> 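Have a look at the structure that comes next, please.
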Amino acid sequence: MSTEPETTQDAEPGTPGAESAAGASEPTGEGVDRAAEPSGDGDVSADESTGEGEDTGEDTGEGTGAEGAGTAEGAAQVSEAAAELAAQRVERERIERRKAEKRAPIEAGTKLSGTAADLLAAVRAVESGEKPVATAFREPDPAPRRAAPEPVRRPQPVAAPTAPAPGAPPEAVAAVRAVLAGAGAPEGLAAQVVTVLGEGADDRLREDPWQLLRVPGVRPEQADGFARALLGAECGPDDERRGTALTVWLLEQAAVAGHTALDAPALIAALSQRSVPDPDTAVQSAVAEGEALVFQDALDSAPPAAAAADDDAEEPQERPVRILIGLERYALAEESLADGLARLVNSVPKEDGSAAGWEREAASAPRSAGELIRVGGAHGLVLHTGGEASRAEVAALLHAARALGLRGWAAAHTSGGRDDFAARLARHEPADGAADRPTGGEATGAATVAGLLSGAEGPGRDADGALDLDVLVVLDAPQLDVETAAMLAESLPDGARLVLSGDPGVLWSAGPGRVFADLIAARACPQVASRTPDPGPIGELVSGIGIGELNQVEAPGKEVVIVPVRDAGEAVHRTVQLVADSVPRAIGVPAEQTQVITPGHGGPVGTRALNTALKERLNPGPGRFGGFDPGDRIVHSPAPGRSLPGRVVRADAEGLHLDCSGTPVVVPKDRVEQTVRHGWALTAHQAVGLRWPAAVVVLPGDAAGSLTRPWVYTAFGRAERHLSVVHGVEQALPHAVAEVPQKPRTTRLQALLKAQTPTSA
């Protein structure tokens, strides 16, 4: 592994150095992607509300995770802070002009039972009272901005377009606008309110002002201010409507952080932090009104010591349970997924020429591929774990299915992943004589998960509405959220084979759930671990990280390079230098094939700052359309958690025209700011599932406290030929790799699977 001396003027990868990759000159990474999440004052609890920081296409505009450290560094580096402010002015001024007449401050003052009830009553409210809300909807003053910057996203409610949203009746929007205006709230929220609350939205707001919390982006303090303006002296923190709305809001925030449910004590504690005087009553009310559901999930048996102490007890001890509170949509998704997977496990795979055919195909394949073919042919549900190189085993499985006359498909999460695997399938050579064996027409192919479910790609549906296939392999399975996984399981016909393939060391899904990890833990089906290692120095480095070891690797071809930096300004400078000059010249990878990965969106070395600097160097322009010009690299987020890299083609009256991996996309003008950002620099959550010939991973000093092993593993694994690490976190990297695992998520799938399927040996 090479290290660049700090005094190098023209940084080039591969410059020999004395520093070790496991020592002071190591990189970093994780939850700083968390800048993309909504954050709050104890939204769920200190360790429950944050998950691991999935990217949702938005950011708070704050630093890259370690806010306190970032603030201190910013004080010492006035130039970076000033540059960040300057980078915002033009766009903010435009937004401020549009909102100037809508930004007046808000005037202030004008049941459970049994074990569940016992636990819910264990924690009581510890505080009451309200914070001042006169400026709840007020935005910061506009700041200066550099030419052609990236739009800045804020978690505050975004004013809707002047035209009503599609399907929103103009008269309903007008009625809601009148209610909002009367309480001093932004009238631009009217269309969103109608979309969320439906018919009679104005009456619902008058009856329950806290219904405003259902609008994405609205914060509790803003809803409190709106309620106070509408209700006057009748408004108080003990209002039952407020407790119910906050309960639902906290569960929604937990879902953003990856949880499908919350432990009852954690939810009650979070309600207390939100000044709900009687939080257990608030939870009871939410459950009684059908806004939330309560579950009692059995835990594992008591510890051996406790069991021994009860040997002489006359009555058997009850199995311990945990009380969970969750939203119906995620509860139903987890239960549907468990049912669907149990159906696949217990169903007999379709006839395909007997097990002898699968055995014959397995015998002719390499060892790891043969094992996957043998197990995949005999079972309805199989887990396959491995790195990038293990995809050759999946290709072998699909070719074996084709040779047996079965219809096999692979599904990836992105169009780039689909195209890469399709090329791998095309390169894969079947065994001798395979051309003479029967096939199932369009038996083998690749699609995106979204395209497969919608019918836009893949084999389509049969007469019963199930996917018309016999074998489905889902690539990058850790990226499956619980709702998508449930739709896939429900769409498979009886007797089909489902193989979930992926690397368990990467970051989990952006949406709620941890499907792949729960399946591995439940041991409800056979698991095949690939023995095919990822090749080269990068593969060796990443494999070590996966088991908690940050090893120094030999990189004679400058495959891995460490670039030490002292501060944020130097980190930005070196990153631009690497992408635009050093990597193309020394490695032969052009700038358009080099991806920058950094922990967060905000801060002096976040994606916004790096994209501004890279645009000025690689595609300078005035940003004629919302900060974008033709040729800009972008990432499009059509839905939270989905990131599609691409390029700007042009802009016209329709909107911004993009090319996302060969697929034309048109983003309407009013959606550009919320769904498109520059893409020279991404976070690891945006980059997961994709790979580039070269990657530059930037690890600023203020990210040290937020690094985890999965973030580092994911970021470093995005490089195929060359990895440069712009390193400013000193010993935080080896500490994160060795001692900081994936942040936990609260889910029910593992318990549901154990209850429905026998444990697999």
Side-chain angles (χ1 to χ4, degrees), residues 1-21 23-29 80 536-539 541-542 552-599 604-607 609-620 631-633 645 678-682 684 687 690-701 703 712 715-729 733:
M1 185 183 306
S2 300
T3 307
E4 292 197 350
E6 296 187 16
T7 56
T8 300
Q9 295 297 320
D10 186 12
E12 286 193 16
T15 304
E19 296 180 348
S20 164
S25 63
E26 292 307 1
T28 57
E80 280 77 23
I538 297 176
L541 175 64
V542 173
Q552 184 174 8
V553 298
E554 296 295 330
K558 303 178 183 178
E559 294 89 349
V560 180
V561 172
I562 305 300
V563 184
V565 294
R566 293 178 295 269
D567 53 42
E570 186 179 6
V572 173
H573 170 73
R574 288 299 185 93
T575 300
V576 174
Q577 185 183 50
L578 284 165
V579 173
D581 181 27
S582 299
V583 171
R585 175 159 45 85
I587 308 301
V589 178
E592 57 268 21
Q593 296 180 15
T594 300
Q595 184 61 56
V596 176
I597 301 173
T598 191
V605 198
T607 61
L610 288 170
N611 276 319
T612 297
L614 288 164
K615 175 175 172 54
E616 290 176 352
R617 177 68 181 273
L618 299 174
N619 193 45
D632 280 355
R633 279 177 67 172
H678 286 116
W680 287 280
L682 304 175
L690 299 169
R691 300 184 84 213
W692 292 267
V696 177
V697 178
V698 186
L699 304 167
V712 180
F716 285 19
R718 300 312 94 202
E720 295 176 341
R721 292 170 47 193
H722 173 78
L723 170 67
S724 281
V725 180
V726 179
H727 174 44
V729 291
L733 177 65

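Source: prediction; values computed, not measured.
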> For the residue pair V605 and A568, what are the closest heavy atoms and their distance?
CG2-CB, 3.5 Å

> Counting N and O atoms only, with roles assigned by atom type, does the side chain of R721 sit under 3.5 Å from a partner on the main chain of I587, one being a donor and the other an acceptor?
yes

> Using modelled atom types only, decide if a donor and an acceptor are shared between the side chain of Q593 and the backbone of V589 within a distance under 3.5 Å.
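Answer holds: no.
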
> Quick check against the 3.5 Å criterion: does D581 have a side-chain atom that pairs as donor or acceptor with the backbone of Q577?
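Checked: no pair found.
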
> Grab the two heavy atoms, one from P537 and one from V553, that are nearest each other, plus how far apart they are.
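The pair with the smallest heavy-atom distance is O-CG2, 3.9 Å.
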
> Could you report the tightest heavy-atom contact between P700 and V729, atom names first, then the distance?
O-CG1, 3.0 Å

> Looking at S724 and V563, would you say the former's side chain and the latter's main chain have a donor-acceptor pair under 3.5 Å?
no

> Do H678 side-chain atoms and T612 backbone N/O form a donor-acceptor pair below 3.5 Å?
no

> For a quick test of reading the model, state the closest non-hydrogen atom pair linking L541 to F716 and the distance between them.
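Scanning both residues, the minimum pair turns out to be CD2-CD2, 3.9 Å.
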
> Of all residues at least two apart in sequence or in a different chain, which pass the side chain to side chain contact (heavy atoms under 4.5 Å, CB included) check with V579?
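With sequence neighbours excluded, V579 shows a side chain to side chain contact (heavy atoms under 4.5 Å, CB included) to A591, T594, V596, L614, L618, V696, given in chain and number order.
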
> Do R691 side-chain atoms and A719 backbone N/O form a donor-acceptor pair below 3.5 Å?
yes

> For R633, give me all partners under side chain to side chain donor-acceptor pair (under 3.5 Å), at least two apart in sequence or on another chain.
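For R633 the side chain to side chain donor-acceptor pair (under 3.5 Å) partners, ignoring immediate neighbours, are Q595.
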
> Which residues pass the side chain to side chain donor-acceptor pair (under 3.5 Å) test with E559, not counting sequence neighbours?
none

> Rounded to the nearest 0.5 Å, how far apart are NE2 of H722 and CD of E720?
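Result: 13.0 Å between the selected atoms.
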
> Would you say the side chain of V572 lies within less than 4.5 Å of the side chain of L610, judging by non-hydrogen atoms?
yes

> On a heavy-atom basis, which atom in V697 and which in L723 lie closest, and how many Å separate them?
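Scanning both residues completely, I find the closest heavy atoms to be CG2-CD1, 3.7 Å.
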
> Got R574 and V698 here, is their nearest side-chain heavy-atom distance under 4.5 Å?
no

> Which heavy atom of A687 sits nearest to which heavy atom of I597, and what is that distance?
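Reported closest heavy-atom pair: CB-CD1, 4.1 Å.
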
> With side-chain contact (heavy atoms from CB on, under 4.5 Å) as the criterion, how do W680 and D632 come out once you've worked through the C-alpha distance, each side chain's angles and the decisive distance to 0.1 Å?
CA-CA 8 Å; W680 287 280; D632 280 355; 3.5 Å; yes

